[in-house]
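A short write-up of the structure that comes next.
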Amino acid sequence: MNRVALGHWPTPLEPAPALSEYLGLRAGDLWVKRDDLTALVGGNKVRKLEHTVGAALAEGADVLVTTGAEQSNHARATAAAAARLGLGCVLVLGGTPPATPTGNALLDRLFGAELVWTDDLERTAGQVVERLRDAGRRPYRVPFGGSGPVGALGYREAADELLAQRPDLAHVVVAVGSGGTMAGLVAGLGAGRVLGVDVGAVPDAAERVAGMVAALGAPADGLRLRTDQVGEGYGRPTDEARRSIHAAARLAGLVLDPVYTAKAFAGLYASVADGGIRPGEPTVFLHSGGLPGFFAAPEAALSAPPPRD
Ligand SMILES: Cc1ncc(COP(=O)(O)O)c(C=O)c1O
């Protein structure tokens with residue numbers, strides 16, 4: 001296994017008693033795994049990059065190429081890792097360049113990445129790799145979201161880290177985008193203890209997670225994946241996500257991002273409401289970061305969320 005050190009481990013596991021009672025759990029039931037505090041401006045992508053960039057260095061790569069949305073946390077973390085390790089970085093991003101870059105798109109520039117905008121991520125990334133090879137460079141393709149069997153190893157390790165901190169944990173709740181985070185946790189903890197909340201980034205999240213779990217040599221039966229928190233689509237905050245942002249801020253001093261962690265927390269709320277997670281069961285909410293995305297979409301936090309029906 002090739003791994004390059006990028007983050008600060010273990011990340012803290014903090015109790016959140018007021019937030020736990022807000023959910024309808026007992027005060028001592030809820031803990032927050034602070035993977036927003038990893039490194040490279042934070043978030044879950046750092047654990048995956050330790051492995052994907054480790055593989056790139058082992059192959060002698062000198063430039064990282066990856067894809068993502070304009071506000072991709074993964075693209076930003078890849079650009080930061082490249083800067084830290086003295087590698088080149090080309091980010092292939094969806095859409096057209098924003099007039100005023102904010103959040104992650106601003107940080108991508110700051111870290112010195114070359115940005116290529118397109119409507120076809122895969123095709124353009126392939127062309128970028130060819131162009132770099134023709135120029136005598138040694139490019140390495142980091143997969144979308146950093147998710148694949150190599151990147152997911154980072155979360156298989158995180159499962160051990162969590163078990164050392166909380167051996168009795170019953171549930172870990174995590175946002176699912178490209179799926180590598182959930183896949184690694186399932187490989188390490190078993191499917192029964194991991195609740196994924198799909199945020200709508202890909203149409204086939206369940207298949208992707210199952211494929212990565214299998215590639216890691218673990219059973220993928222009985223995956224727990226909620227698909228009812230996507231709302232109008234990826235990146236479109238729901239009312240429940242907005243309530244989650246307000247609750248986490250006011251009751252725990254935590255900032256959730258509107259695209260991933262707020263929807264994951266909304267899924268946790270729904271699971272307590274429907275009895276999937278019950279009082280007395282030690283529950284970890286994995287805070288997977290995304291803070292720059294919060295500043296790129298402040299509307300989600302500006303007004304008070306509407307009351308529940
Ligand atoms: C902040 C944040 N949380 C969660 C996720 C989901 O992780 P994964 O892509 O491994 O499913 C992502 C990325 O997609 C993310 O940027």
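If you're wondering where the values come from, they're calculated on a predicted model, not measured in any experiment.
Cation-pi geometry between Arg308 and Tyr269 is met: the NZ or CZ atom falls under 6.0 Å from the ring centre, inside 45° of the normal.
Contact check on Arg34 versus Glu14 returns a salt bridge, with a Lys/Arg side-chain nitrogen under 4.0 Å from an Asp/Glu carboxylate oxygen. Electrostatic pairing of Arg226 and Asp274 counts as a salt bridge here, judged by a charged N lying under 4.0 Å from a carboxylate O. Taking the charged nitrogens against the carboxylate oxygens, Asp108 and Arg76 have no contact shorter than 4.0 Å, which rules out a salt bridge. Comment: Glu161 engages Lys33 in a salt bridge, judged by a side-chain N to carboxylate O separation of less than 4.0 angstrom. Salt bridge Glu130/Arg133: absent, no basic N to carboxylate O contact under 4.0 Å. Residues Arg26 and Asp29 are not paired through a salt bridge, judged by the lack of any N-O separation under 4.0 Å between the basic side chain and the carboxylate. A salt bridge links Glu114 to Arg131: one of the charged nitrogens lies within less than 4.0 Å of a carboxylate oxygen.
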| Chi angles and distances behind the side-chain hydrogen bond (donor to acceptor under 3.5 Å, both in side chains) call for Thr261, Asp257 | CA-CA 5 Å; Thr261 50; Asp257 80 294; 2.5 Å; yes
| task | List the steps, then state whether side chain to side chain contact (heavy atoms under 4.5 Å, CB included) holds for Val259 with Tyr234. | result | CA-CA 7 Å; Val259 181; Tyr234 174 71; 3.5 Å; yes
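No side-chain N or O of Thr38 forms a donor-acceptor pair with one of His8 less than 3.5 Å apart. A donor-acceptor contact under 3.5 angstrom links the side chains of Thr11 and Asp35, judged on distance only.
Contact check for Val90 versus Val63: side-chain heavy atoms found under the 4.5 Å cut-off. Contact check for Val65 versus Leu132: side-chain heavy atoms found under the 4.5 Å cut-off.
Taken together through direct or relayed side-chain contacts under 4.5 Å among Ile, Leu, Val, Met, Phe, Trp and Tyr, Trp117 and Leu121 form parts of separate hydrophobic clusters. Hydrophobic clustering of Ile, Leu, Val, Met, Phe, Trp and Tyr side chains at less than 4.5 Å, counting indirect connections, unites Val174 with Leu189. Linking ILVMFWY residues whenever their side-chain heavy atoms come closer than 4.5 Å, directly or via other members, leaves Tyr260 and Val32 in distinct clusters. Grouping the Ile, Leu, Val, Met, Phe, Trp and Tyr side chains by contacts below 4.5 angstrom, directly or via other members, places Leu251 with Val173. Note on Leu254: it does not cluster hydrophobically with Trp31, by side-chain heavy-atom contacts below 4.5 Å among ILVMFWY residues.
Shortest non-hydrogen contact noted between Lys263 and Gly233 is NZ-O, 3.0 Å.
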